[in-house]
Structure formats: C-alpha cells, structure tokens
Amino acid sequence: MKTSNDCVNNNYLEYVKAISPKTNQKRSLLHAFWVGGTICCIGQTFRFILENFIGLSGDELSAYVSMIMIFLGAFLTGLGVYDRIGKYAGGGSIVPITGFANSVVSPAVEFKTEGYIFGTAAKMFTVAGPIIVFGVASSVLVGLLYFIGYRIF
C-alpha cells in the first residue's frame, strides 16, 4: 500500500527529472578526454623543455614540473579561468596535480571577503584537507610498517 509520502516523493522525483538539463554523455566524455589530455600534454611539454634545454633529470625534473603545474592550476583558478575549464570539461579538469591546486585555491578565493585569517587561511583546506591528512597518515603508517619490517627481517 502506497502512502501519501511515496506519492509526494515520486511526484517530486518526476518533477526534478523533467526540469533537469539533459546531458549529452558522448560530448561530455569527449570534452573531458581532450581537456585532460591537453593538460597532461602541457605537463609533458614542460618536462621536455626542462629536460632537454635546462638539463634537469630525475627527482629534480619531476619536482620542477610539479611546481609549474601546481602554479598554473592555482593561477588559473585565481583568475577564474579554471572554473570555466571545469564547467566545460567536467572530470577532465581534475587531472591530479592541477585539480588538486584548484581544490586548494578555490575555497580560499571564495572566502577572501572574510579576511586573510578567517577567510582565506581557514577555508583553504576545506576540500583538500582530508586528502592531505589521509596522505600524511598513510605515509606515516607505511613508514612505520617498513621500519618494523626492516628491523625484524
């Protein structure tokens, strides 16, 4: 037996479905693919330039490319460009390093009107904070397991 609550819920779900914008999944996937690929190609271009013209290699090369990509992601977020890229590309804009920079800078920009301490500094890690905490905690755990395993064997 249906209750009046079920009818209300079904009516509401039908209403939401009727007014929700329809997405073209193939087009969305294509946009995500080419934008994500372009971001990765930009990173590879910086890697090629730093490796072949500057002479960097190994960890130093990886660190410089990471810093450049983080800077570009944060800079474009500050200008409001990365949000438009994200709206167009969807998941393609969440390439790990630039997407992470965007997730740190975006809340800071949004709350800058509240001041530097209570706005920008406090809100900067609202999205990225759990990721940072999980990364630090898991690296400590792995380090301890490695240390204990090294001592035992």
Side-chain angles (χ1 to χ4, degrees), residues 1-54 56-139 141-142:
M1 181 173 157
K2 284 189 175 184
T3 64
S4 63
N5 240 1
D6 291 338
C7 291
V8 170
N9 287 341
N10 287 336
N11 289 340
Y12 177 72
L13 292 175
E14 289 173 15
Y15 172 72
V16 168
K17 188 176 180 181
I19 66 166
S20 295
K22 307 296 184 258
T23 59
N24 185 340
Q25 288 183 340
K26 290 179 184 176
R27 186 177 61 207
S28 296
L29 287 173
L30 180 66
H31 289 179
F33 180 77
W34 83 261
V35 170
T38 301
I39 292 171
C40 292
C41 285
I42 291 169
Q44 269 311 115
T45 302
F46 282 119
R47 183 178 175 87
F48 178 79
I49 291 168
L50 292 173
E51 188 174 23
N52 293 316
F53 297 112
I54 309 294
L56 297 177
S57 63
D59 290 340
E60 192 175 47
L61 174 63
S62 298
Y64 275 102
V65 171
S66 296
M67 285 188 289
I68 290 169
M69 294 304 288
I70 289 169
F71 170 77
L72 286 176
F75 184 70
L76 291 175
T77 299
L79 294 177
V81 173
Y82 207 90
D83 293 336
R84 284 185 270 159
I85 293 171
K87 194 174 215 176
Y88 174 77
S93 66
I94 311 176
V95 175
I97 206 145
T98 54
F100 185 72
N102 179 345
S103 71
V104 171
V105 174
S106 201
V109 170
E110 184 178 338
F111 290 100
K112 71 181 177 183
T113 58
E114 295 179 22
Y116 287 116
I117 302 298
F118 294 113
T120 303
K123 300 295 182 179
M124 187 178 292
F125 297 106
T126 54
V127 174
I131 298 167
I132 294 170
V133 169
F134 179 76
V136 170
S138 62
S139 66
L141 180 64
V142 169

A.B. asks: Any non-hydrogen side-chain atom of N102 less than 4.5 Å from a side-chain atom of D83?
C.D. replies: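 Yes. Closest side-chain heavy atoms under 4.5 Å.
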A.B. asks: Do you know the tightest heavy-atom contact between K17 and K22?
C.D. replies: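 Scanning both residues, the minimum pair turns out to be O-NZ, 3.1 Å.
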A.B. asks: Could you give the distance from NZ (K26) to NE2 (H31), rounded to the nearest 0.5 Å?
C.D. replies: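 Going from NZ on K26 over to NE2 on H31, the span is 14.0 Å.
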A.B. asks: Would you mind listing every side chain to side chain donor-acceptor pair (under 3.5 Å) that reaches into residues 59-71, with sequence neighbours excluded?
C.D. replies: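 Qualifying pairs, neighbours excluded: none.
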A.B. asks: Under 3.5 Å, which donor-acceptor pairs link side chains of residues 36-53 to any protein atom two or more places apart or in another chain?
C.D. replies:
| residue | atom | partner | partner atom | Å |
| --- | --- | --- | --- | --- |
| T38 | OG1 | W34 | O | 2.6 |
| T45 | OG1 | C41 | O | 2.8 |
| N52 | ND2 | F48 | O | 3.3 |

A.B. asks: Report the distance from atom OH of Y82 to atom CG of L72, rounding to the nearest 0.5 Å.
C.D. replies: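 Reported to 0.5 Å precision, the distance equals 10.0 Å.
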A.B. asks: Between L76, T98, I85, which is the residue that forms a side chain to side chain contact (heavy atoms under 4.5 Å, CB included) with S93?
C.D. replies: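 Result: among L76, T98, I85, I85 is the only option passing the side chain to side chain contact (heavy atoms under 4.5 Å, CB included) with S93.
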A.B. asks: F71: what forms a ring pair (Phe, Tyr, Trp, His ring centres under 6.0 Å) with it, not counting sequence neighbours?
C.D. replies: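 Scan of F71 (ring pair (Phe, Tyr, Trp, His ring centres under 6.0 Å), adjacent residues dropped) gives F75.
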A.B. asks: Calculate, to the nearest 0.5 Å, the distance between atoms OG and CZ belonging to S28 and F33 respectively.
C.D. replies: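 The distance works out to 15.0 Å.
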